[in-house]
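Keep in mind it's a predicted model, so treat the numbers as computed, not measured.
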Amino acid sequence: MAAVPAPAAARRAPAPRRPATESTLRHVGDVAGDIAPSLVYSAEQHDVWATLYARRMTTLADTGSAKVLRGIEAIGLRPDRVPDLSEVNARLARRTGWAAVPVGGFLPPRPFFHSLAQRRFPTTTTVRPREQLDYLPEPDIFHDVFGHVPLHADPTFAASLQRFGVLGLLAGTDEQVEQVARLFWFTVEFGLVRESGAVKIYGSGLVSSHADAANALGPVCDRRPFDLDAVLAQAFAIDRLQDVLFVLDSFDQLWQAVGEMEARLRPA
């Protein structure tokens with residue numbers, strides 16, 4: 001299944017989005033197993049991480065889902081250093097059994113979704129150059145780990161993401177592929193959730209991108225109540241800021257929606 005949008009797509013305006021047919025082809029190379037080796041990063045790379053971290057946390061404290069903020073703390077992300085995936089995975093293992101697995105290029109769709117079904121998240125370990133803080137056509141560790149992985153520490157979201165792996169493996173027709181793509185896009189990538197009466201961001205493309213997050217909560221974006229059929233009928237653009245997004249009532253609603261989608265895809 002090749003049409004689910006790549007987590008890198010649309011994470012930072014005006015970064016170009018990948019075509020939907022490339023979307024979740026993730027990073028090629030072999031998934032590196034359960035153990036993430038410790039990598040050595042330069043002082044410049046740590047400083048780039050620190051710059052990005054500070055910029056996003058300035059607004060996430062007010063606009064981010066409480067689950068995202070708790071997840072950032074739970075997996076031990078530091079404001080001054082690129083994370084060590086082995087340390088992140090040790091924390092995740094105790095909470096949900098997920099692991100961020102380093103890979104080196106685009107991973108074909110079925111291996112990608114098989115990884116999700118096994119609670120393994122293919123993760124880029126490169127750090128974007130300073131001159132591309134806001135413009136990067138490929139995913140990097142900030143998008144993948146800061147944007148995605150904090151929610152892997154939450155049991156409900158973790159279970160839903162694992163179920164997305166099953167959806168990707170079940171989708172057989174072009175129509176089913178497109179439906180899974182839309183559900184993934186409007187939740188995992190660009191999802192919003194209502195908490196304590198306010199709309200908060202949780203999708204990785206919003207968590208990791210100031211421009212996309214500002215648009216999502218701004219006056220131009222049409223924020224609609226989450227409804228599975230409405231999501232499946234909503235086309236999306238991958239080359240600009242989003243015009244329409246959907247707001248969950250809770251993360252339990254995401255679990256229920258993924259379960260309903262799985263029931264629709266399974267043969268009768």
Counting only N and O atoms by type, is there a donor-acceptor contact under 3.5 Å from the side chain of [X] to the main-chain atoms of [Y]?
X	Y	result
Gln45	Ser42	yes
His152	Ala158	no
Glu178	Asp174	no
Lys200	Lys67	no
Glu260	Leu228	no
Arg128	Leu133	yes
Arg223	Gly218	yes
Asn89	Leu85	yes

With the side chain counted from C-beta on, respond yes when [X] and [Y] share a heavy-atom pair under 4.5 Å apart, and no when they do not.
X	Y	value
Ser115	Gln118	no
Leu265	Val180	yes
Val145	Pro83	yes
Ser65	Val193	yes
Arg56	Ser208	no
Thr123	Pro102	no
Phe113	Val166	no
Ile201	Leu217	yes

Kindly give the heavy-atom pair with the smallest separation between [X] and [Y], and that separation in Å.
X	Y	value
Leu206	Ala216	CD2-CB, 3.8 Å
Ser204	Glu189	OG-OE1, 3.1 Å
Arg110	Leu169	NH1-O, 3.5 Å
Tyr202	Leu248	OH-CD1, 3.2 Å
Pro122	Phe112	CG-CD1, 3.7 Å
Gly205	Asp212	O-CB, 3.6 Å

Exercise. Run the salt bridge (Lys or Arg N to Asp or Glu O under 4.0 Å) check on Asp47 and Arg130 step by step: do they pass?
Worked result: CA-CA 9 Å; Asp47 194 57; Arg130 184 176 299 278; 2.5 Å; yes

Which value, rounded to the nearest 0.5 Å, describes the distance between [X] atom [atom1] and [Y] atom [atom2]?
X	Y	atom1	atom2	value
Met261	Arg182	CE	CZ	10.5 Å
Thr124	Ile141	OG1	CD1	8.5 Å
Arg240	Asn215	CZ	CG	10.0 Å
Thr96	Leu151	OG1	CG	10.5 Å
Tyr53	Thr58	OH	OG1	10.5 Å
Gln176	Leu232	CD	CG	11.0 Å

For this session: Applying side chain to side chain contact (heavy atoms under 4.5 Å, CB included), run through Val231 and Thr187 and close with a yes or a no.
Result: CA-CA 9 Å; Val231 169; Thr187 57; 5.9 Å; no

Problem set entry | Residues in side-chain hydrogen bond (donor to acceptor under 3.5 Å, both in side chains) contact with Arg224, at least two apart in sequence or another chain | Asp222, Gln234

Problem set entry | By side-chain hydrogen bond (donor to acceptor under 3.5 Å, both in side chains) - contacts of Arg119 (at least two apart) |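 Result, side-chain hydrogen bond (donor to acceptor under 3.5 Å, both in side chains) vs Arg119: Gln162.
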
Exercise. Taking the six-membered ring for Trp, is the centroid-to-centroid distance between Phe246 and Phe190 below 6.0 Å?
Worked result: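 Not under 6.0 Å, so no.
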
Problem set entry | Centroid-centroid distance, Phe146 to Phe142, less than 6.0 Å |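 That pair passes the under 6.0 Å test.
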
For this session: Show your reasoning for whether side chain to side chain contact (heavy atoms under 4.5 Å, CB included) applies to Glu195 and Phe251.
Result: CA-CA 10 Å; Glu195 293 179 349; Phe251 285 100; 3.9 Å; yes

Exercise. Residues in ring-ring contact (aromatic ring centres under 6.0 Å, His included) with Phe157, at least two apart?
Worked result: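 Expected list: none.
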
For this session: Only counting residues at least two apart or in another chain, list the ones meeting ring-ring contact (aromatic ring centres under 6.0 Å, His included) with Phe226.
Result: none

Problem set entry | Aromatic plane relationship, Trp185 with Phe236 - under 30° parallel, 30 to 60° tilted, over 60° perpendicular | parallel

Exercise. For His114, does the NE2 atom sit with more than 12 other heavy atoms under 6.0 Å from it, leaving out its own atoms?
Worked result: no

For this session: Assess the side chains of Thr126 and Asp140: does a donor N or O sit below 3.5 Å from an acceptor N or O?
Result: no

I'd like a table of donor-acceptor pairs (distance under 3.5 Å, sequence neighbours excluded) in which one partner is a side-chain atom from residues 70-78, with atom names and distances.
unit_1: Arg78; atom_1: NE; unit_2: Asp80; atom_2: OD1; d: 3.3
unit_1: Arg78; atom_1: NH2; unit_2: Asp80; atom_2: OD2; d: 3.4

For this session: Using the side chain to side chain contact (heavy atoms under 4.5 Å, CB included) rule, take Val127 and Trp49 through it: C-alpha gap first, then chi angles, then the decisive distance, then the call.
Result: CA-CA 8 Å; Val127 178; Trp49 172 275; 5.5 Å; no

Problem set entry | side-chain contact (heavy atoms from CB on, under 4.5 Å) partners for Arg163, two or more places apart |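 By the side-chain contact (heavy atoms from CB on, under 4.5 Å) rule, Arg163 matches Trp255, Val258, Glu262.
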
